[in-house]
Q: 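I have a structure I would like to understand better, so I am pasting it below and will then ask my questions one at a time.
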Amino acid sequence: MKKNLFRTIAVALLATTGIQQVAAQQQVANNRRERILQVLDQSRPNEYVPAGFFLHFENKLGRKAVEDHKAFYKATNMDFVKVFYEIVVPQIDIKSGKDWEKVPVYGEDFFAPQVAVIEDLAREYGSEAFILPTVYSPLALAAQTLGKRGEDLKKFAEQDPVAFGHAIKNLSLSIENYLRAARKHGADGFYVSSQGGDGNLLSAKIWNEQVRQWDKHVSEVANEIGEINILHICDYGAPFKNAEALYAFTDYPASIINVPLNFSDGSVLDLKEAQKRFGRPIFGGLERLGVIATGSVEEAKAAVDKVLENAPQNFILGADCTVPGDTDWEKLRAVIDYAHSWRLTHKK
């Protein structure tokens, strides 16, 4: 009788333990941080497809910006919190190439309003999702320095490449100050934008001799201090010629690569080949100005079908850059939810 009682108790304890283990596994599976880490594990395919899209908000900084970020994150069900960079460096009166020497290094205090947004979002969501602030490139900050005369950047860079390189270095060190401050206040890592290698903003000579080292430095610092980073290879200035031009960035350190999809020679990126060449998961697949912005939900889902049918097994769905600000949030949510279960519902 006692043996049966002990056996019943033991079975009940084992069952309880099993339930707890399942519950713990489910809790891990439902944590967005873990979902992203599963994609980084290249040793096994993942059935869950994380996803995320970004757009700029009307409120740039302060509490209202925090609320906008929170509302977008909750409404879209995306898998990480991407914090938009909205700080603008002061304009400097640059009348000739030599004036680039006026560009200073901006300290952590300069970035405090942006860091405050990061800190609030990290406090709210840091336990469930990676907090990944955007990081602009030193070249983008150089354009901000010129203000409305940003189109003169190439002209002034060519007038005095060495002085321009000095400015790029100082702006890169400024970004480093931002990275370190953001990390101290809750950022898990960064969404780092590289810009300028498309050959439109600068000549290849100036890019390679004066800019590339300091553009890459941003990724190196992010890699040093961050837990996880996304390298966004930006083609906002002009498309890259072809995929080989894109692969010039394979030596930039990053956990995940966000890539352009179309090239000026008319070719289109092969996502599997890109993941093979970079040796890291690819994030993207959809054109920011394509159906995700302009089409219906069903058209967007059809585009997702085409992407995921040809995507690497370990993959994060997104766009090649920021989607327009008027993009429908409900459509983004429908697409993200559709991607999450796509590999389960489309098993062959």
Q: Will you find, in the side chains of N229 and S255, an N or O donor that is under 3.5 Å from an N or O acceptor?
A: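 Distance-only check fails for N229 and S255.
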Q: Should D120 and K70 count as an ion pair when the cut-off is N to O under 4.0 Å?
A: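 So D120 does not pair with K70 through a salt bridge.
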Q: Would you confirm whether K331, through its side chain, and G295, through its main-chain N or O, come within 3.5 Å as a donor-acceptor pair?
A: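 Between the backbone of G295 and the side chain of K331 there is a qualifying donor-acceptor contact (under 3.5 Å).
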Q: By the side chain to side chain donor-acceptor pair (under 3.5 Å) test, which pairs, at least two apart or in different chains, include something from residues 312-322?
A: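 Matches after skipping sequence neighbours: none remain.
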Q: Sort and list the pairs that fulfil ring pair (Phe, Tyr, Trp, His ring centres under 6.0 Å) and have at least one residue in residues 287-326, not counting sequence neighbours.
A: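 Applying ring pair (Phe, Tyr, Trp, His ring centres under 6.0 Å) to every pair that reaches into residues 287-326, excluding sequence neighbours, yields nothing.
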Q: For D265, which residues count as a salt bridge (Lys or Arg N to Asp or Glu O under 4.0 Å) partner, sequence neighbours excluded?
A: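 Expected list: none.
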Q: Got a sec, which residues hit salt bridge (Lys or Arg N to Asp or Glu O under 4.0 Å) with R333, two or more places apart in sequence or on another chain?
A: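 Testing R333 for salt bridge (Lys or Arg N to Asp or Glu O under 4.0 Å), a comparison that skips the adjacent residues, returns D337.
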Q: I'd like to know if the side chain of N223 pairs up with that of Y252 as donor and acceptor (distance under 3.5 Å, no hydrogens or angles considered).
A: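 Absent: no donor and acceptor within the cut-off.
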Q: Is the backbone of E273 close enough, under 3.5 Å, to the side chain of D270 for a donor and an acceptor to pair up by distance?
A: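 It does hold such a pair.
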Q: Which residue is it: W100, W207, W214? I am looking for the one with a ring-ring contact (aromatic ring centres under 6.0 Å, His included) to F164.
A: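 Checked W100, W207, W214 against F164; only one passes ring-ring contact (aromatic ring centres under 6.0 Å, His included): W100.
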Q: Hey, which of Y125, F53, F57 is the one that makes ring-ring contact (aromatic ring centres under 6.0 Å, His included) with F72?
A: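 Of all the options given, the one that passes is F57.
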Q: Is K64 reaching over with its side chain to a backbone N or O of L61, donor-acceptor style, under 3.5 angstrom?
A: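 Side chain of K64 to backbone of L61, a donor-acceptor pair under 3.5 Å: no, none is there.
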Q: Please round to the nearest 0.5 Å and tell me the distance separating atom OG of S203 and atom NZ of K154.
A: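 If I round to the nearest 0.5 Å, the distance is 6.5 Å.
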Q: If the test is side-chain contact (heavy atoms from CB on, under 4.5 Å), which one of V135, I256, N258 qualifies with Y191?
A: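 With Y191 as partner, V135, I256, N258 yield a single side-chain contact (heavy atoms from CB on, under 4.5 Å), made by N258.
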Q: Do the side chain of T327 and the main chain of V323 share a donor and acceptor less than 3.5 angstrom apart?
A: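 Flag not set: sc T327 to bb V323 has no pair under 3.5 Å.
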Q: Considering only residues two or more places apart or on different chains, which pairs with a residue in residues 278-312 satisfy ring pair (Phe, Tyr, Trp, His ring centres under 6.0 Å)?
A: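 Checked against ring pair (Phe, Tyr, Trp, His ring centres under 6.0 Å) - neighbours excluded - the pairs reaching residues 278-312 are F54-F283, F80-F283, Y247-F278.
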Q: Provide the full list of salt bridge (charged side-chain N to carboxylate O under 4.0 Å, His left out) pairs with a residue in residues 246-256, sequence neighbours left out, each pair given once.
A: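 Found R212-D251, K216-D251.
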Q: Could you tell me whether the side chains of Q195 and H232 share a donor-acceptor contact shorter than 3.5 Å?
A: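 No pair is found: no donor N or O on one side chain lies under 3.5 Å from an acceptor on the other.
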